[in-house]
Q: 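Here's a structure for you.
Residue numbers start from 1 in every chain, and the chains themselves are labelled A, B, ... in the order their sequence lines are given, proteins ahead of strands.
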Protein chains: 2
Amino acid sequence: MKPRLQKTDRLRRLVEVIEDDPFITDRELACLFRVSIQTVRLDRLELGIPESRERTRRLAKEATNKVRSVETGEVIGDLIHVKLGQEGISVLETDKDMAFRRTSIVRGHHIFAQANSLAVALVDAEIALTGTATVKYLRPVKAGERLVAKAEILSRSGRRHVVKVTTKIGHEDVFAGEFTVFAVEEPEGYSEDSRRGFN
Amino acid sequence: MKPRLQKTDRLRRLVEVIEDDPFITDRELACLFRVSIQTVRLDRLELGIPESRERTRRLAKEATNKVRSVETGEVIGDLIHVKLGQEGISVLETDKDMAFRRTSIVRGHHIFAQANSLAVALVDAEIALTGTATVKYLRPVKAGERLVAKAEILSRSGRRHVVKVTTKIGHEDVFAGEFTVFAVEEPEGYSEDSRRGFN
DNA sequence: TCTGCTATTAAGACTTGGTCATAATACCTA
DNA sequence: TAGGTATTATGACCAAGTCTTAATAGCAGA
């Protein structure tokens with residue numbers, strides 16, 4: 001039963017190698033594992049791994065989506081609870097892409113962005129602009145930690161809302177901020193078809 | 001000279017369409033422009049546009065790089081001048097990926113991130129952490145505008161630095177903030193091989 | 001030893017989305 | 001009518017696969 005062991009071993013390594021370099025072709029893989037192309041194809045078939053071009057295509061789509069959703073996404077973090085004009089909760093799973101490689105410490109602007117997004121989302125208006133923000137970083141956040149931000153509208157006078165946001169990991173406070181968010185009726189010449197959204 | 005006009009027109013549109021959807025094939029393009037596949041290929045040849053698969057490949061590579069550099073990059077914006085412990089200037093070219101689609105208004109956290117990055121970069125220490133930040137958004141920024149952030153260390157007492165950042169577009173102030181940045185000697189158990197970097 | 005099983009390799013036909021070279025045709029204009 | 005560009009067609013070829021069918025190798029148990 002030695003060949004079978006060799007095979008399962010190869011299958012495991014195959015997954016690793018392809019994950020490491022999704023652009024690799026069957027020919028290259030065959031060469032790498034010193035087997036025939038057909039064997040590699042059978043292996044891929046068995047593992048349900050698509051061909052090189054398909055992998056590349058998916059990567060391209062996913063990556064472009066990622067850039068759009070992370071960078072342009074309407075809200076940073078998942079809104080798991082929102083009472084418009086009152087309070088809300090947002091969850092952000094941090095990962096290594098948000099952190100410094102060397103320290104694994106999540107960059108501050110992600111934490112800020114989550115809080116800011118949540119503050120803006122609470123304001124019941126077509127367009128909401130952050131005017132000022134006062135924030136405190138209470139302790140560094142490591143990649144992989146789950147940020148739970150809770151926000152509450154402290155006061156409102158006309159179009160001006162004061163929103164308090166507290167971000168925790170478990171029971172520990174890691175960030176606190178106060179945002180002044182303005183509700184705007186008209187786009188003020190900044191857009192033609194705008195509905196909502198600043199910050 | 002009508003066909004020539006039609007052609008240059010088609011070439012312009014071709015660039016647009018491909019930019020809009022890089023995954024599109026020659027066959028689809030031919031169908032779209034109501035010309036033969038050969039014409040599309042000649043057009044691409046003339047414009048130096050690579051084939052669909054090549055475009056996809058580049059996109060995948062570039063996008064994966066982009067996610068890393070934009071998200072993980074040590075500094076948001078280009079540091080064009082830094083006097084460690086004193087002052088610095090950073091430039092950030094905004095684009096539509098940083099803005100809301102509907103309004104073309106750049107999301108606040110990018111402006112914050114540039115200012116914060118610059119503030120941290122000025123502090124001459126192995127590791128620098130932002131403690132607090134007080135910021136004001138003075139007017140919305142449209143995608144495409146060039147943000148010039150100037151920062152100056154106002155005061156320093158021990159490891160605590162107060163950094164003032166002003167961001168302008170041309171001569172107009174769009175953002176102002178004050179950051180308290182702490183210089184840290186030891187990683188305080190948050191990392192093993194850390195050198196510099198928080199926020 | 002023969003049979004059966006898995007693993008591997010091979011061979012062949014077909015697909016997609018092209019490249020490259022060559023030739024034919026269409027259209028317009030001087 | 002000749003010359004030019006623009007367009008289309010044709011055919012050979014390629015990379016990197018798919019899918020099917022078949023041959024071979026190596027070992028294990030009856």
Q: Nearest of C:dG18, D:dG17, D:dT8 to any side-chain atom of B:Leu42?
A: D:dT8

Q: Select one nucleotide: of D:dG17, C:dG18, C:dC20, the one nearest the side-chain heavy atoms of B:Leu45.
A: C:dC20

Q: Rounded to whole angstrom units, what separation is found between the CG atom of B:Leu47 and the P atom of D:dA6?
A: 13 Å

Q: Could you state the CG-P distance from A:Leu11 to C:dT6, rounded to the nearest angstrom?
A: 15 Å

Q: Should B:Glu16 and B:Arg12 count as an ion pair when the cut-off is N to O under 4.0 Å?
A: no

Q: For DNA chain C, what residues of residues 27-40 of chain A have any heavy atom nearer than 4.0 Å?
A: A:Val35, A:Ser36, A:Gln38, A:Thr39

Q: Rounded to whole angstrom units, what separation is found between the CZ atom of A:Arg57 and the C1' atom of D:dA15?
A: 18 Å

Q: Distance check needed: C:dT16 C1' versus B:Glu54 CD, whole Å only.
A: 16 Å

Q: Could you check how far CG of B:Asp26 sits from C1' of C:dT16, rounded to whole Å?
A: 12 Å

Q: Spell out yes or no: do the side chain of B:Arg53 and the base of C:dG17 have one donor N/O and one acceptor N/O closer than 3.5 Å?
A: yes

Q: Could you state the atom-to-atom distance from CZ of B:Arg41 to C1' of C:dT19 in whole Å?
A: 8 Å

Q: Can we say B:Glu145 and B:Arg139 salt-bridge, meaning some charged N sits less than 4.0 Å from an Asp/Glu carboxylate O?
A: yes

Q: B:Leu84 pairs by side-chain contact (heavy atoms from CB on, under 4.5 Å) with which of B:Leu122, B:Asp124, B:Val123?
A: B:Asp124

Q: Hey, does the side chain of A:Arg44 come within less than 4.0 Å of D:dT18's phosphate (OP1/OP2), counting only N and O?
A: yes

Q: Please state how far atom CZ in A:Arg55 lies from atom P in D:dA16, giving the value in whole angstrom units.
A: 12 Å

Q: Going by an N to O cut-off under 4.0 Å, is there a salt bridge joining A:Arg146 and A:Glu93?
A: yes

Q: Please identify each residue that fulfils salt bridge (charged side-chain N to carboxylate O under 4.0 Å, His left out) with B:Glu152, with sequence neighbours left out.
A: none

Q: Is it the case that the side chain of A:Arg159 and the backbone of A:Phe182 share a donor-acceptor pair, with hydrogens and angles ignored and the cut-off at 3.5 Å?
A: no

Q: Among the candidates D:dA15, C:dG18, D:dA6, find the nucleotide nearest to the side-chain atoms of B:Lys7.
A: D:dA6

Q: State, with a plain yes or no, whether a side-chain heavy atom of B:Glu178 is found less than 4.5 Å away from one of B:Leu154.
A: yes

Q: Between B:Arg10 and D:dT7, is there a side-chain N or O to OP1/OP2 distance below 4.0 Å?
A: yes

